[in-house]
Student: 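Sharing a structure below in structure tokens format, with a few things to ask.
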Amino acid sequence: MNGGRTEDVLDTLLSVAPIGVKESFTDSPTDDWLSLYRGGDLPPVAKQVLGSGDSMRYATVYDGESGVPVAVGRAVLVPASDDQDSAPWVVVNAVETAPAARRRGLAKLVMDALLEWAEEQGATDVLLEVTPDNGPAIALYDALGFTTHHEYH
């Protein structure tokens, strides 16, 4: 999905702050991050791919009481072109919320954190990847101003 301008999506996310959670941000996927993403059942090559790239940010949201990860997401900066004067794009993917923690605004919190980081890195445009059968996520992204650009399989 294409979201257009990073600042526009951030404006939509303004003042997202679920109560009772803590956040962690890293430049590589942690064991906690990996334990939630796709149920933690990833082959070694997937872990390698998730950790590859030049400039990435991983967000993990934890339940404030139990300390268990309840939401994760990943952002990758991608050069817009070979032109050194062009601002990079940010690609957001791997956004996931634990089933028991859904409908609490945690995915919005992850998106906000990742896009704030991307904006600090100079990214002006954002796109994200989402599977076409993930209706709740698509509804969230529609509400944030994203539109479908193309589909993959």
Side-chain angles (χ1 to χ4, degrees), residues 1-18 21-40 42 45-62 69-98 101-153:
M1 298 185 91
N2 183 15
R5 308 289 295 169
T6 306
E7 65 185 326
D8 294 338
V9 179
L10 279 170
D11 286 345
T12 304
L13 286 166
L14 195 60
S15 76
V16 173
V21 298
K22 68 176 192 166
E23 301 169 87
S24 169
F25 308 103
T26 57
D27 295 332
S28 60
T30 64
D31 289 341
D32 281 347
W33 192 96
L34 291 166
S35 73
L36 180 58
Y37 182 61
R38 298 208 175 189
L42 296 173
V45 71
K47 293 177 185 179
Q48 212 172 15
V49 169
L50 283 167
S52 63
D54 291 332
S55 190
M56 298 172 293
R57 179 67 107 194
Y58 296 80
T60 307
V61 177
Y62 296 88
V70 290
V72 295
R74 174 180 183 253
V76 180
L77 289 182
V78 179
S81 68
D82 291 335
D83 177 7
Q84 296 295 334
D85 293 330
S86 295
W89 281 69
V90 61
V91 178
V92 176
N93 62 7
V95 176
E96 188 164 337
T97 303
R102 292 183 179 152
R103 309 290 305 160
R104 292 177 34 200
L106 300 176
K108 287 181 184 177
L109 184 62
V110 166
M111 292 291 293
D112 182 60
L114 294 175
L115 293 177
E116 282 186 19
W117 168 81
E119 191 174 57
E120 290 169 4
Q121 305 306 307
T124 57
D125 295 284
V126 58
L127 65 91
L128 65 87
E129 297 173 334
V130 61
T131 57
D133 62 341
N134 192 342
I138 291 170
L140 166 64
Y141 301 139
D142 284 343
L144 296 178
F146 286 89
T147 58
T148 299
H149 182 271
H150 67 276
E151 293 185 5
Y152 62 93
H153 50 259

Student: Would one find more than 12 heavy atoms of other residues, nucleotides or ligands at under 6.0 Å from atom CZ of R102?
Tutor: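 More than 12 heavy atoms, drawn from other residues, nucleotides or ligands, come within 6.0 Å of this atom.
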
Student: Any side-chain heavy atom of Y141 within less than 4.5 Å of one from V92?
Tutor: no

Student: Kindly compute the distance separating CD (E129) from CG (N134), expressed to the nearest 0.5 Å.
Tutor: 13.0 Å

Student: Side-chain contact, heavy-atom cut-off 4.5 Å: V130 with F146?
Tutor: no

Student: Is there a side-chain contact between I138 and P136, using heavy atoms and a 4.5 Å cut-off?
Tutor: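 The answer is no, as the side chains (C-beta and beyond) never meet within the 4.5 Å cut-off.
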
Student: Does any donor atom in the side chain of D32 or T30 lie under 3.5 Å from an acceptor atom in the other side chain?
Tutor: no

Student: Using modelled atom types and a 3.5 Å cut-off, is there a donor and acceptor pairing between side-chain atoms of E23 and backbone atoms of A59?
Tutor: no

Student: Could you report the tightest heavy-atom contact between Q121 and P88, atom names first, then the distance?
Tutor: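 So the two residues come closest at O-CG, 4.2 Å.
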
Student: Which pair of heavy atoms, one from G73 and one from W33, lies closest together, and at what distance?
Tutor: O-NE1, 3.1 Å

Student: Got more than 12 heavy atoms from elsewhere within 6.0 Å of CG, D133?
Tutor: yes

Student: Please report the interatomic distance CZ(R74) to CG(L128), rounded to the nearest 0.5 Å.
Tutor: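 The CZ atom of R74 sits 13.0 Å away from the CG atom of L128.
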
Student: Do W117 and S55 make a side-chain contact, defined as non-hydrogen atoms from C-beta onward lying under 4.5 Å apart?
Tutor: yes

Student: If you look at every heavy atom in E96 and R38, which pair is closest and at what distance?
Tutor: OE1-N, 2.9 Å

Student: Using side-chain heavy atoms (C-beta onward) and a distance below 4.5 Å, is H149 in contact with L127?
Tutor: no

Student: Any heavy-atom pair between the side chains of L36 and T60 that's under 4.5 Å?
Tutor: no

Student: What pair of heavy atoms forms the shortest contact from V110 to V61, and how long is it?
Tutor: CG2-CG2, 3.7 Å

Student: Taking C-beta and beyond as the side chain, do R57 and V90 meet within less than 4.5 Å on heavy atoms?
Tutor: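 Side-chain contact under 4.5 Å: no.
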
Student: In Å, rounded to the nearest 0.5 Å, how long is the span from CE of M111 to CG of L144?
Tutor: 6.0 Å

